[in-house]
Student: 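What follows is a single structure, and I will ask about it in a moment.
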Amino acid sequence: MLGRRDFLTGMGAGALALGAGLGFTTLRATAGTPLDIQSRETGYDFGNGLTQGLVSTVDGAAPPVLRLKQHEAATLRFTNGVEDYSTMHWHGVRLPNAMDGVPYLTQLPQRQGEAYDYTYAPPDAGTFWYHPHCVTMRQMARGLTGILIVEEEEDPVFDLDLPLNLKDFRLGNDQELLEYFTPRGAARGGTLGNTMTTNWQRAPRYDAPAGGLVRLRFAATDTTRIYRLAFPEIEGRIFAWDGHPVNEPLAWPTRDAPLFLGPGQRVDVALRMPSEEGAVLDFLGMHGLAPVTLASVRSTGASLNRDLAELKPLPANPVAEPDLARAERRDLVFGWSPDEMVPNNGLCGTSEYTFWSIDREPWPGDAAQGVRPVADLKLGQSYVLRMHNESPNDHPIHLHGLTFKPIRSNQGPVAQNWTDTYLLRKSEVADIAFVADNPGDWAFHCHVIEHQKTGLSGYVRVT
Ligand code: C2O
Ligand code: CU
Ligand code: CU
């Protein structure tokens with residue numbers, strides 16, 4: 001018999017274990033021993049035949065879920081096992097600048113066979129994720145995105161903790177990978193995939209104890225898709241947003257009012273399974289003509305008779321509150337700017353096009369020399385960044401190294417929850433506030449990767 005704790009994480013002893021029948025791998029970092037992850041090419045069957053040329057860190061499966069402990073230093077040793085250069089980035093984690101995995105800005109690109117030790121003690125518990133930041137489009141589109149869980153110091157005691165990595169693939173008639181970058185897509189909303197997956201599976205179904213409490217961790221790791229989540233007829237609540245416990249409640253998403261989750265964003269949901277055995281809960285994406293089932297969870301066994309009221313609120317993460325009365329304001333304009341320039345990404349690949357800009361300056365490429373930051377910030381000072389979207393497209397704007405909160409928008413009320421990625425809707429003007437409390441050069445870009453790679457990128461400097 002598995003104890004509740006084993007069932008919770010789906011793991012026994014040791015760093016490597018398959019989830020208990022969950023169909024994905026979980027790796028836990030242990031203090032003092034580097035956790036080895038190495039990228040590699042692999043084949044995988046999405047249901048209609050083998051697709052070759054995918055990239056994971058395990059053979060024939062999605063990249064593993066990595067688990068760290070809050071405040072405990074761990075070393076993630078990433079070895080680039082593919083021909084392209086690479087680096088690894090830990091999205092949303094506040095870490096020392098040299099561990100951020102941004103080529104040329106914080107480290108040099110890793111050639112094939114080269115390892116880099118990413119050592120840090122994550123200050124915040126919650127749901128984060130990881131992906132390469134060099135030849136990003138190609139490696140992410142081929143599958144190299146994984147969920148990074150930082151466990152709370154005190155276990156919130158769920159009966160099942162289920163990470164759900166949402167990602168599309170673009171496949172042809174023979175299940176081959178199609179071109180993931182298109183100039184037409186890059187100049188508009190991005191190129192969508194045609195095969196929606198969760199943990200690399202199409203509409204997987206998981207088992208959870210009847211009457212039990214389940215934590216779902218949705219992570220939108222696609223290069224393009226803005227998910228529209230709906231959880232109709234399910235009893236639960238949203239209790240963390242982009243890694244952090246919610247300060248302000250978010251409405252339970254319905255078919256008519258789905259929850260928008262842009263590329264890079266995460267949402268943690270707590271729910272209670274029905275008491276009857278065999279009940280199936282469907283988690284929907286409102287895309288296209290009919291809702292898509294992204295995942296379902298079926299109740300099994302005799303009811304555990306738990307109650308959502310048993311859940312204590314998660315402890316707040318140690319994020320400094322910005323001093324709005326003294327905050328300095330900076331304005332940033334995100335816009336369209338077709339340009340003849342070919343971005344210089346050095347060893348990190350090129351898109352050959354420029355369509356986007358921050359403050360009318362397209363990012364000249366990761367390897368361009370002498371590029372100034374979009375904002376020069378003083379360590380310890382509070383800031384309000386006013387972000388103007390002058391384009392008719394949505395942009396999930398992501399800031400590395402610092403955690404911020406939206407405080408107002410011209411589109412209506414905003415929930416002031418801590419985040420690292422703000423989905424800036426078309427024509428929106430939104431203010432985000434934070435304390436510049438982490439020194440370094442921090443990448444700041446749109447997480448629609450085709451936008452990032454065609455100009456909508458920059459960095460802020462904190463000194
Ligand atoms: Cu999730 Cu700069 O990235
Ligand atoms: Cu990031
Ligand atoms: Cu964008």
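Atoms within each ligand, like the ligands themselves, are counted from 1 in listed order.
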Student: Does the shortest distance from the Cu ion (ligand 2) to an N/O/S atom of His89 fall below 2.8 Å?
Tutor: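 True for His89.
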
Student: Under 4.0 Å between a Lys/Arg side-chain N and an Asp/Glu carboxylate O for Lys426 and Asp394?
Tutor: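 Salt bridge absent between Lys426 and Asp394.
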
Student: Find out whether Leu54 and Leu177 are in side-chain contact, i.e. whether some heavy atom of one side chain is under 4.5 Å from a heavy atom of the other.
Tutor: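 They are in contact (side-chain heavy atoms under 4.5 Å apart), so the answer is yes.
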
Student: Is Lys69 salt-bridged to Glu152, cutoff N-O under 4.0 Å?
Tutor: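 No, no charged N to carboxylate O under 4.0 Å.
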
Student: Would you kindly check if the NZ (Lys) or CZ (Arg) of Arg94 is within the cone defined by 45 degrees around the ring axis of Tyr120 and under 6.0 Å from the six-membered ring centre?
Tutor: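 Output no; distance or angle outside limits.
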
Student: Show your working on salt bridge (Lys or Arg N to Asp or Glu O under 4.0 Å) between Asp359 and Arg330 and close with a plain yes or no.
Tutor: CA-CA 11 Å; Asp359 282 347; Arg330 298 279 194 277; over 6 Å; no

Student: By residue and atom, what protein N/O/S atoms are less than 2.8 Å from atom 1 (Cu) of ligand 1?
Tutor: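 Checking every protein N, O and S atom gives His91 ND1, His131 NE2, His447 NE2.
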
Student: Between Trp356 and Phe334, is the gap from one ring center to the other below 6.0 Å?
Tutor: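 No, too far apart.
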
Student: Could you check Phe231 against Trp252 for ring pair (Phe, Tyr, Trp, His ring centres under 6.0 Å), going step by step and ending with a plain yes or no?
Tutor: CA-CA 7 Å; Phe231 314 142; Trp252 190 249; 5.3 Å; yes

Student: Do you know how many protein N, O or S atoms are within a distance smaller than 2.8 Å of the Cu ion (ligand 3)?
Tutor: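 Protein N, O or S neighbours of the Cu ion (ligand 3) under 2.8 Å, waters not counted, come to 3.
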
Student: Is the gap between the ring centers of His133 and His91 under 6.0 Å?
Tutor: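 No, ring centres 6.0 Å or more apart.
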
Student: Taking 4.0 angstrom as the limit, do Arg266 and Asp420 come out as a salt bridge?
Tutor: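 Asp420 and Arg266: salt-bridged.
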
Student: With a cut-off of 2.8 Å, does His91 place any N/O/S atom under that distance from the Cu ion (ligand 2)?
Tutor: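 So His91 does not bind the Cu ion (ligand 2) by this criterion.
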
Student: Hey, what do you get for CD1 (Ile358) to NE2 (His388), rounding to the nearest 0.5 Å?
Tutor: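 The distance works out to 13.0 Å.
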
